[in-house]
Amino acid sequence: MGSEGPPSVTFHITGFKKFHGVSDNPTETIVSNLEEYLKRNGSPKGVTIGSCTILETAGQGGLAPLYQTLKSAVNKENEQSSYSKVILLHFGVNSGATRFAIEHQAVNEATFRCPDEMGWKPQRVPIIPADGVISKARKTSLPVDEMTKSLAKMGYDVITSDDAGRFVCNYVYYHSLRFAEQNGIKSVFVHVPLFLTIDEDTQMRFAASLLEIMPQRMRTQSDGRPIAESRGGGTGERVGKGGRGRGPRGSNDDHVDELNGQGNDQGPGANGNVEQLIG
């Protein structure tokens with residue numbers, strides 16, 4: 001017999017520090033303040049915060065602290081009961097976005113059109129050479145379409161995206177997805193807009209709501225109900241609330257000059273044909 005409520009879930013959450021063009025990264029604020037926010041406003045049932053970590057906006061040079069977080073998630077899971085689940089939840093910023101975006105996948109390509117915070121600027125480099133071609137994609141095992149629908153019903157302007165870019169957000173997400181698959185846990189990446197676009201209070205509520213709905217969606221998976229998966233087919237057009245956005249391939253490079261070297265190089269279709277993008 002299955003359990004009556006959603007499974008107990010432990011979240012290990014990351015955000016990013018400042019980087020070129022973004023002196024105040026909203027994900028640093030969200031992740032730094034999330035535990036206190038949940039204490040004040042009530043933590044969702046069955047949710048435990050295992051860690052909240054702020055990462056340097058760096059690829060290769062930032063791997064050590066990233067893997068510290070990833071490995072601590074596995075070590076802590078071993079101390080918990082078999083009924084507990086672990087999710088690696090990563091937040092990144094997209095300055096041109098007008099809505100939230102839950103990323104369905106990452107690709108094995110690092111193409112930085114500006115140096116990261118440690119001066120690294122790879123071009124068409126495989127993130128994990130052992131994975132082969134740079135076109136290889138790793139997908140989250142979480143039901144992102146169902147998550148998006150749930151959040152949209154709660155009033156948030158949110159889409160599912162198939163393009164996390166080729167900058168640090170994609171780099172971190174690819175490593176996390178590979179680690180999650182190897183260790184039997186789950187990983188997901190969420191892009192948020194600047195606070196000038198969606199205010200801090202709304203973004204904090206969104207983060208708390210995200211924690212609330214994920215255990216419910218995991219229960220749906222464990223019950224064997226159908227889970228929506230990515231079907232592709234996006235053409236980069238603007239999508240409505242709760243829909244799917246997908247940047248056309250190659251768009252990661254098309255608008256980068258407008259960023260002054262900033263950003264995630266996320267495809268413009270991912271959040272409604274925005275022009276100025278940051279990750």
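All figures in this text were calculated on a predicted structure; none of them were measured in a lab. Sequential numbering from 1 along the given sequence is applied to the chain's residues.
A207 and F91 make their closest contact through CB-CZ, 4.1 Å (heavy atoms, listed as atom of the first residue, atom of the second, distance). Residues V47 and S43 come closest through the heavy atom pair O-OG, 3.7 Å. Minimum heavy-atom separation, H12 to T10: NE2-CG2, 3.8 Å. Nearest heavy atom pair, residue S51 against residue T69, reads OG-CG2, 4.2 Å.
Residues F206 and M154 have side chains not in contact (no heavy-atom distance under 4.5 Å, counting atoms from C-beta outward). Considering only heavy atoms from C-beta on, F179 comes within 4.5 Å of I185 through its side chain. Under the 4.5 Å side-chain criterion, counting only non-hydrogen atoms from C-beta, T140 is in contact with L177. Counting heavy atoms from C-beta outward, L70 and V74 have side chains that stay 4.5 Å or more apart. Under the 4.5 Å side-chain criterion, counting only non-hydrogen atoms from C-beta, D24 is in contact with T29. Contact check for F16 versus V168: side-chain heavy atoms found under the 4.5 Å cut-off. In this structure the side chain of L89 reaches within 4.5 angstrom of the side chain of M214, judged on heavy atoms. L38 is listed as a side-chain neighbour of P44, based on a closest heavy-atom distance under 4.5 Å.
No side-chain donor-acceptor contact under 3.5 Å links Y174 to the backbone of A110. Of the possible polar contacts, none joining the D131 side chain to the P126 backbone as a donor-acceptor pair under 3.5 Å is found. Side chain of N25 to main chain of F19: no donor-acceptor pair is present (N/O by atom type, distance under 3.5 Å, no hydrogens or angles). Side chain of N108 to main chain of I128: a donor-acceptor pair is present (N/O by atom type, distance under 3.5 Å, no hydrogens or angles). D199 places a side-chain N or O within 3.5 Å of a backbone atom of D201 that can act as its donor or acceptor partner. S32 places a side-chain N or O within donor-acceptor distance of the main-chain N or O of E28, the cut-off being under 3.5 Å. Side-chain atoms of T14 do not come within 3.5 Å of backbone N or O of T53 as any donor-acceptor pair. For T57 (side chain) and K17 (main-chain N/O), a donor-acceptor pair under 3.5 Å exists by modelled atom type. A donor-acceptor contact shorter than 3.5 Å links the side chain of S161 to the backbone of D163.
One hydrophobic cluster, built from ILVMFWY side chains closer than 4.5 Å, holds both Y67 and F11.
Using cut-offs of 30° and 60° on the angle between ring planes, the pair F100 and Y156 is perpendicular.
Rounding to the nearest 0.5 angstrom, the gap separating the NZ atom in K186 from the CG atom in L142 is 5.5 Å. In this structure, CG on N33 lies 12.0 Å from CD on Q203, to the nearest 0.5 angstrom. Distance check, rounded to the nearest 0.5 Å: NE2 of H175 to CG of L63 gives 4.5 Å. Here S141 contributes atom OG and I87 contributes atom CD1; the two are 8.5 Å apart, rounded to the nearest 0.5 Å.
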- Task: Take D116 and Y171, measure what side-chain hydrogen bond (donor to acceptor under 3.5 Å, both in side chains) needs, and give me the verdict at the end.
- Result: CA-CA 11 Å; D116 65 17; Y171 191 90; over 6 Å; no

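No hydrogens or angles considered: a donor-acceptor pair under 3.5 Å links the side chains of H90 and S176.
Between D145 and K149 there is no salt bridge, since no side-chain N of the basic residue sits under 4.0 Å from a carboxylate O of the acidic one.
Of the residues Q105, E181, E103, the one that meets the side-chain hydrogen bond (donor to acceptor under 3.5 Å, both in side chains) test with K139 is Q105.
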